[in-house]
Amino acid sequence: MRPMNVSSGQSSAAHPLLEVRGLTVALPEGADRSNAVEEISYQLHSGKITCIVGESGSGKSMTANAIMGLLPKPHVKVSAGQLLFNGSDLLARPDSEMRTVRGADISMIFQEPMTALNPLLTVGEQIAEVLCKNGPLPRKELRDRITKLLADMNLPEPETLQDSYPFRLSGGQRQRIMIAMALALNPKLLIADEPTTALDVTTQKQILHLIREQQKRHGMGVMFITHDFGVVAEIADHIVVMEKGEVVEEGSVEAVLNSPQHPYTRKLIAAVPTLDDHASTTPSEVPLLSVQNICKTFKTRSGMFTKKREVNALRSVSFDLHEGEIIGLVGESGSGKSTLARSVMQLSDIDSGKIAINGEQIGSLGQKLPSFIQFVFQDPYASLNPRRRIGSALTIGPIHHGVPKAEAISRAREMLDVVGLDASAMDRFPHEFSGGQRQRIGIARALTMQPRVLIADEAVSALDVSVQKQVLRLLEDIRLKMGIAILFVTHDLRVAATICHRLLVMRKGEIVEEGPTREIFENPKSEYTKSLLEAVPGKNWHKPVLEERV
Amino acid sequence: MNSPLSLFFGNRAAVIALACLAVITLLALGASLIYPQSPWKMVGAPFQPPAWGGHLMGTDMLGRDIAAGLVHGARVSLLIGLVSTAIALLIGVGIGAVAGYFGGLVDDILMRFTEVFQTIPSLIFAIVLVAIMGPSINSIVIAISVVSWPSVSRLVRAEFMTLRRREYVESSQVLGLPGWRIMLTDILPNAMAPVIVTATLMVATAILMESGLSFLGLGDPDMISWGYQIGAARTMLRAAWWMSFFPGVAIIITVLCLNLVGEGLSDALNPNLKRKKP
Amino acid sequence: MNRLSYLIGRLVKGVFVILAIGVLAFLVIRLVPGDPVAVIAGKSGAVDAEYMDNLRQKLGLDQPLVVQLGIFLKGLVQGDLGQSYRQGAPVSAIILERLPATLLLTLSASAISILLGVLAGAMAARRRGTWADSAIGTLALLFYATPLFWMGLMAILLFSLVLGWFPAFGMVSADMRYEGIRHVLDVLHHLIMPMTILGLFYMAVYARLTRASMLEVSEMDFVRTARAKGLPESYITRRHILRNALLPIITFAGIQAGHLIGGTVLIETVFGWPGIGRLAFDSLLQRDYPVLLGIFIVTSAMVVIFNILTDLLYTLVDPRIEVNK
């Protein structure tokens, strides 16, 4: 357990930096509920990182926007309550005054570093906009201050970097630029809205470290919004848990993480996957899916006068998948894990190598993929044709493969039952279902083809943690009941730990390590695997055993 | 959730425009009933101002009724607008769909081909085509279709390229469905919204182009049209302003209504404009 | 040099497009049913057999189609667009003589349409939902629906015939023979009406596009970042929203060039402006097909050049273009 961060000697409890008092934010008519947040109250203190935790739709970001005075006008507005910043109400200030507060006293960073910077201005120009808010600075001084800020963010070559355009920087670098911009005028409060969600795990670790370091140095208060309890365990001093627009629990990091009181918090924490759970099984000898030495190079097409570029997405990758086992294919973005999964499905072609299913080689041109290998997609909102009824989506495949219509329908009903949905779903359209339900439908669709191999590409990444847990449990059930082998592609080692028997760790198109999950976690051999495990957020938090009270 | 239909009918301007178009269509269809005589026929004294001697919009230099020409001309405008758009859609959707779905070399060749057609100034291209084929309703329809399909094909290609990467399209591939079936059932229906909007605007553009061709003397010599009426009145501007005024207003109203309907459809069909959930 | 090689690439591509359009022009006239000579010579009636034979020989019509195409393209590369049947002069010379007038009209009309259109669109976007927005929107819709030639005629009726403010016809006052600065002012006096009419139509297009583009950009993440920085709204509109919103407008200006050049046929015809458009109308009346086809190719080439210029402008505005293309 991490020790509580006791901050730099302020009597912070007495004077909160920001007090949210009875805040209600009203949504426009026709929204799914009348208020985004309803009479919520909590305090943020100087020298502390307060995590606001909740699933999607809990209203956590809405509160941040209200504090910044950036609620989408005129549809959404504060209908009651106060936001006391150093004792005076932010809501009482006119727009012009709020503008001087934003970026100076209170600043904010966002989830998507890739789109948060203006593509047409250099990063230096964008930071300068903040520095020159209170009047222009001499050119030399401006450059020096930007250089120092960038150096503080541990960015390389800060002197020249400020003349770069954002498109040349990685996601992690852009997020550092955002932080530099937010800290340029030494704010008293930094609001971070899921700042690491879009980043790879190793980058996430660095950014979390940077935020903590800067927070300590400036003694500022941080409001850190996240959905990930691992991240909370890593960075929080204080926790506020929100559900459907209400604060359900609040307390110190120790209290909330280790002895949560509210049923919702308990449910959430119980659903968090950790590295402690290891699945294992003894698979049969016969490989159902055998991949040998497949290579793929992506070439950007060369124009008449432009150079062509090559990216080795897969470099001689081999593995076997046996009946009844779940293999986890893990790695960061750009590692080639999705390309590998898609190649097996012939959704993307390969340059060389062999793929055999049940001993039979596939992949030669014009050959049909056998129907007993199926795919589950990442985005439950994009994987169902919005104009096709569920019944049709579930029967179109089997019917095409010669199954009589009546049988296809009864099979579809059966599979809906397997994934825990009512047969009445057959007559409905995708938009009538939630994300988790749609993902179940996607799995049911794959199952109607009676597959023996299932490939799941980040199949739970888009889901809230409680829904994620249900879907993982469903996949495990299916494996047990039907003896299906699953290739499970994920970027999240915690998820891999809970479900996978064996792991393949990929990096830059190569498998750098493979073996049983437990072995890899306890004794990683490659440096890369070690750094990945090291970066898993909340790895030192051993969550309490909670009986689920549903 | 609001259906596109109710969204469209909630748009007052679009509904009024649609009603206007319905009236124009009725007038065009019933032209022979309202003015049973040929619009080319002399019915009164020449150069009668509007409402003079019983002719609502006056008469021209040969004593022909402007209003009769207007009503009969509506037929030509609407006919040419609709038929040429239909042909352009057929070509454009076909080429765009194939290019967008298959990509690679096929896409390259088809897009270079499209680009050549799109580069040529459309009115000049149409003038040359009609001039060489000889002015007739057929040649005008062909010319307008030939110059207007490229924009459809680019639009459809872009839609197909995005939709092709959608997971539900890939899921149909995984189920083993054949390409043509995926194109027709998974991609095309979901790509139709912008195509419908464009089609509406294309009818408007086609009507404008037909009027331009007729104004330049490239109209079908056997059929009266709005552009012809204006062209014929050019030299009489000082003597009889009404001769060119009313046909112009007819074009404006028709084109305006088509644009308004197109805009209404675009708002109703475009999911981006629906208010995002907080 | 990345930008230079990009430019060269675009130029080479442009040459290919023009050649392809040449082939198309060739096919359009050769593949029409009937005797091409009859088509070229036209239905003027005054054509004798000797002329027809001469023409057939001159155009190499006794040779296979591929050879004919070769001869045609060779001429095209050398800038030879053939002979005018009516005027007995090279087509290229006839067109070249008319080019400056058309350039003056199209460039000035483009300039005012882009400038005023973007301004009006930006104002409408900034004041979204107010009366100014609706007024700009309504006017834009109206101009967008009005046939150019009709607007021209009505302008002549009002401003020349009734009010007598502007000359109705031509580019210079033929009876006056002005010199120097007075000549320039005289041309400007003639230019105002055709330029404004042509500009108004395209101004409407640009206003609508700018408004839509700005509203789209204003939803983007980096605009939210700029707001979170506490920058003034007018500054955000100018520096963050408008700049990014201009990118699609540049692309669009390239696409629109062809329409604008096509539109000059109508405007020059109405106002008797002595440019290529008017020439097209005259050739049409005289059935001078070589000139018409020459105009077809030359105007297309103008579009190609304009597209290259807009592409170049794009690379100057958008730093990302170097790697993407």
Side-chain angles (χ1 to χ4, degrees), chain A residues 64-65 67-70 72 74 95-122 125-134 163-168 174 177-178 181-182 184-185 187 191 193 300 302-307 309, chain C residues 1-17 128-130 215-250 311 313-325:
Chain A
N65 288 331
I67 295 170
M68 291 295 284
L70 290 177
D95 252 11
S96 56
E97 206 177 311
M98 272 311 289
R99 209 156 52 224
T100 58
V101 172
R102 286 202 290 269
D105 296 322
I106 306 177
S107 55
M108 185 164 179
I109 57 175
F110 303 94
Q111 174 171 350
E112 276 297 337
M114 301 312 271
T115 52
L117 292 165
N118 187 335
L120 302 187
L121 298 176
T122 65
E125 285 172 320
Q126 299 189 50
I127 296 174
E129 286 181 339
V130 182
L131 288 172
C132 297
K133 257 185 83 174
N134 305 318
D163 298 320
S164 306
Y165 288 96
F167 76 95
R168 294 208 181 276
R174 290 188 209 193
I177 302 281
M178 286 296 291
M181 210 148 69
L185 295 176
I191 302 177
D193 189 355
T300 55
S302 57
M304 210 171 301
F305 290 88
T306 46
K307 264 183 233 153
R309 294 188 304 158
Chain C
M1 267 301 285
N2 237 326
R3 199 164 281 153
L4 185 70
S5 62
Y6 173 73
L7 178 64
I8 294 171
R10 281 296 282 115
L11 280 174
V12 172
K13 193 178 152 199
V15 170
F16 277 113
V17 171
R128 184 184 187 181
T130 65
L215 290 180
E216 198 183 318
V217 173
S218 64
E219 299 277 306
M220 289 185 175
D221 283 357
F222 63 82
V223 176
R224 185 182 57 179
T225 306
R227 294 216 168 94
K229 291 199 282 194
L231 302 173
E233 204 59 30
S234 59
Y235 177 89
I236 295 176
T237 305
R238 237 179 321 118
R239 196 161 157 94
H240 289 275
I241 302 180
L242 187 57
R243 269 180 82 146
N244 280 279
L246 283 179
L247 293 179
I249 293 169
I250 294 174
D311 277 7
L313 183 64
Y314 204 106
T315 65
L316 293 176
V317 178
D318 190 343
R320 288 165 296 186
I321 206 81
E322 278 179 62
V323 272
N324 287 346
K325 288 234 172 172

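Every chain is numbered from 1, with letters handed out A, B, ... down the list of sequences.
- Heavy atoms from other residues, nucleotides or ligands lying under 6.0 Å from CD of C:Glu216 number 12 at most.
- A 4.5 Å side-chain heavy-atom check between C:Lys229 and A:Gln126 finds at least one atom pair inside the cut-off.
- Scanning both residues, C:Val317 and C:Leu247, for their nearest heavy atoms gives CG1-CD2, 3.7 Å.
- Using a 4.5 Å cut-off between heavy atoms, A:Met98 does not touch chain C at all.
- Heavy atoms only, all atoms of each residue included: A:Leu120 and C:Asp318 are closest at CD2-OD1, 3.8 Å.
- Most heavy-atom pairs under 4.5 Å with chain C, from the set A:Gly103, A:Ala184, A:Ala116: that is A:Ala116.
- Side-chain contact between C:Asn244 and C:Val223: absent, with no pair of heavy atoms (C-beta onward) separated by less than 4.5 Å.
- In this structure, chain C has a heavy atom under 4.5 Å from the side chain of A:Leu121, while its backbone stays farther away.
- The two residues A:Asp163 and A:Thr122 make their nearest non-hydrogen contact at O-CG2, 3.5 Å.
- Heavy atoms of A:Met114 lying under 4.5 Å from chain C are absent altogether.
- Per-residue counts of heavy-atom pairs under 4.5 Å with chain A were compared for C:Glu233, C:Arg227, C:Arg243; the largest is that of C:Arg227.
- The part of A:Leu70 that comes within reach of chain C is its side chain, from C-beta onward, which places non-hydrogen atoms under 4.5 angstrom from that chain.
- Using a 4.5 Å cut-off between heavy atoms, A:Thr115 touches chain C through backbone and side chain atoms alike.
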